[in-house]
J.: 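Please see the structure below; I have some questions.
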Amino acid sequence: MTTDGKNDGFELDRFERHYTERPNVTESRLRLIWVALTTKLPGRTLSIGAGTGDVEAALRDRFGFTVDTIIEPSEALLPALRSKGFNTYAGIAEDYPYEPQTFDTIYYNGSSFGFIDDENLEPTFAKNYEALRPGGRLILSDVPKESSLGIVLLTILNHPDIDREPYRDLLRGTAFFDLADGGVPTYKPNWHVIPYYIDVLKRVGFTNLQFKQTVLANTTYQDDTVEDPVPGYDKGNYVAIIAEKA
């Protein structure tokens, strides 16, 4: 990953606001990850990039599901994660000591795989593949590059000196815009369209790919209502890819 965990730009108070300033988006995203996790029984589960653990805590409190292990690279966010009682590994997905066929589900939370450099992405997914039991699943949760939200966020990432004021009403409360406010953007550095990830997953050996999407509205209206996920990846501003190990 491009972050070393110490100087990644994440700040605890700002990060936690992302779950409260856009409550309907937060609820829609929670429903998306839960539907993705339950396309079959999750079994022994590894979460990668849980941040403060708010999503994992909501899954535990709302649905009675507790993730077994969490990988989190950000030292700024680890205390909040650990205070919620989760078993955590401080480090990056590339360096985690995976053991063969030990998990039933591995999922990347909140576009966290976008912090893995492109040259390391396929090797890391290959490690995930080996760590899954037969029939296990790798789940990628993402803001796609081609979505309306992704297009605006990527524009700001590529032009850090841009006047952010015209975008404030569209992006207030989103992780990228809030963390970047007045400073260097800290959201994921690597953006790709969904078909890019489909190709990588297939090369690794994953099959039976499924797709769920939510928050179908344009940026201005995304927090107006809660949305249940629907099949596909061509309209959602938040998409989950569910890939299975044969």
Side-chain angles (χ1 to χ4, degrees), residues 18-19 22-42 45 47-49 55 58-59 62-63 65 104-116 118 121-122 125 128-129 132 135-155 157 170-171 173-176 187-188 190-246:
H18 310 149
Y19 299 107
R22 290 157 57 93
N24 288 333
V25 170
T26 295
E27 175 64 19
S28 298
R29 293 176 62 189
L30 180 66
R31 295 185 185 188
L32 174 68
I33 195 64
W34 180 238
V35 166
L37 283 169
T38 54
T39 56
K40 60 168 57 177
L41 289 175
T45 303
S47 171
I48 301 176
V55 170
L59 292 171
R62 290 267 299 275
F63 306 111
F65 167 78
D104 299 289
T105 303
I106 297 174
Y107 72 97
Y108 285 82
N109 202 341
S111 301
S112 57
F113 55 92
F115 285 89
I116 302 175
D118 287 349
L121 186 65
E122 187 169 334
F125 284 174
N128 298 154
Y129 185 93
L132 288 167
R137 298 163 306 151
L138 180 66
I139 298 171
L140 310 180
S141 172
D142 196 22
V143 174
K145 179 181 179 180
E146 67 269 36
S147 66
S148 62
L149 179 58
I151 289 169
V152 179
L153 293 177
L154 186 58
T155 297
L157 174 63
L170 301 177
L171 300 176
T174 62
F176 178 92
Y187 199 46
K188 63 175 184 178
N190 304 305
W191 292 75
H192 296 288
V193 297
I194 294 297
Y196 174 92
Y197 296 111
I198 293 173
D199 290 342
V200 174
L201 291 166
K202 287 182 175 178
R203 287 200 301 270
V204 169
F206 286 101
T207 61
N208 190 29
L209 271 63
Q210 300 180 60
F211 309 93
K212 306 292 183 181
Q213 58 187 337
T214 193
V215 187
L216 308 186
N218 287 327
T219 48
T220 301
Y221 316 107
Q222 285 173 6
D223 199 48
D224 286 358
T225 60
V226 174
E227 298 180 27
D228 286 316
V230 297
Y233 61 83
D234 58 343
K235 298 179 179 66
N237 288 283
Y238 296 88
V239 169
I241 307 173
I242 306 108
E244 190 170 304
K245 178 176 179 177

J.: Tell me, with the steps shown, if Leu201 and Leu140 meet side-chain contact (heavy atoms from CB on, under 4.5 Å).
T.: CA-CA 10 Å; Leu201 291 166; Leu140 310 180; 4.0 Å; yes
J.: Mind checking the CG-OG1 spacing from Asn128 to Thr105? Nearest 0.5 Å is all I need.
T.: 12.0 Å
J.: Might you point out which heavy atoms bring Asn190 and Phe115 nearest each other, and give the distance in Å?
T.: ND2-C, 4.0 Å
J.: Counting neighbours of OH on Tyr221 that are heavy atoms of other residues, nucleotides or ligands and sit closer than 6.0 Å, is the number greater than 12?
T.: no
J.: Do any N or O atoms from the side chain of Ser147 and from the backbone of Gly150 form a donor-acceptor pair under 3.5 angstrom?
T.: yes
J.: Does any donor atom in the side chain of Asp142 or Tyr233 lie under 3.5 Å from an acceptor atom in the other side chain?
T.: no
J.: Which heavy-atom pair separates Lys212 from Ile242 by the least distance, and what is that distance?
T.: CG-CD1, 3.9 Å
J.: Between Val200 and Phe206, does a side-chain contact (heavy atoms from CB on, under 4.5 Å) hold up when you go through it step by step?
T.: CA-CA 9 Å; Val200 174; Phe206 286 101; over 6 Å; no
J.: Is any side-chain heavy atom of Leu153 closer than 4.5 Å to a side-chain heavy atom of Trp191?
T.: yes
J.: With a 4.5 Å cut-off on side-chain heavy atoms, are Tyr196 and Ile198 touching?
T.: no
J.: Ignoring hydrogens and angles, tell me if any N or O in the side chain of Arg137 forms a donor-acceptor pair with the backbone of Ile106 under 3.5 Å.
T.: no
J.: For the backbone of Ser148 and the side chain of Asn237, can you confirm whether one donor and one acceptor N or O come within less than 3.5 Å of each other?
T.: yes
J.: Between Ser28 and Glu227 (side chain of the first, backbone of the second, donor and acceptor by atom type, cut-off under 3.5 Å), is there such a pair?
T.: yes
J.: Please check: side-chain N/O of Asn24 versus main-chain N/O of Asp224, any donor-acceptor pairing under 3.5 Å?
T.: yes
J.: Given 3.5 Å as the limit, does a donor-acceptor pair link the side chain of Lys245 with the main chain of Tyr129, or not?
T.: yes
J.: With the side chain counted from C-beta on, respond yes when Ile139 and Leu37 share a heavy-atom pair under 4.5 Å apart, and no when they do not.
T.: yes
J.: Between Lys235 and Glu146, does any NZ, NE, NH1 or NH2 come within less than 4.0 Å of an OD or OE carboxylate oxygen?
T.: no
J.: In sequence, state the C-alpha distance, the side-chain angles, and the governing distance for Arg62 and Leu30, and then conclude on side-chain contact (heavy atoms from CB on, under 4.5 Å).
T.: CA-CA 10 Å; Arg62 290 267 299 275; Leu30 180 66; 3.5 Å; yes
J.: Taking atom CG of Asp234 and atom CD1 of Ile194, what is their separation to the nearest 0.5 Å?
T.: 10.5 Å
J.: Using the benzene-type ring in the case of Trp, are the ring centres of Tyr197 and Phe113 under 6.0 Å apart?
T.: yes
J.: Ignoring hydrogens and geometry, is there a side-chain-to-backbone donor-acceptor pair from Ser112 to Ile48 under 3.5 Å?
T.: yes
J.: Measure from the side-chain N and O atoms of Asp223 to the backbone N and O of Val25, and report whether any donor-acceptor pair falls under 3.5 Å.
T.: yes
J.: Taking atom NZ of Lys40 as the centre, does the number of heavy atoms from other residues, nucleotides or ligands within less than 6.0 Å exceed 12?
T.: yes
J.: Can you find a heavy atom in the side chain of Leu138 that is under 4.5 Å from one in the side chain of Val204?
T.: no
J.: Evaluate the side-chain proximity of Tyr108 to Ser141: yes if any heavy-atom separation is below 4.5 Å, no if none is.
T.: no
J.: Does some side-chain heavy atom of Ile33 sit less than 4.5 Å from a side-chain heavy atom of Leu59?
T.: yes
J.: Would you compute the distance between atom CD of Glu27 and atom OG1 of Thr214 and round it to the nearest 0.5 angstrom?
T.: 9.5 Å
J.: Answer yes or no: is there an ion pair linking Asp228 with Arg31, defined by an N-O contact shorter than 4.0 Å?
T.: yes
J.: Backbone N or O of Pro229 within a donor-acceptor pair of the Gln213 side chain at under 3.5 Å?
T.: no
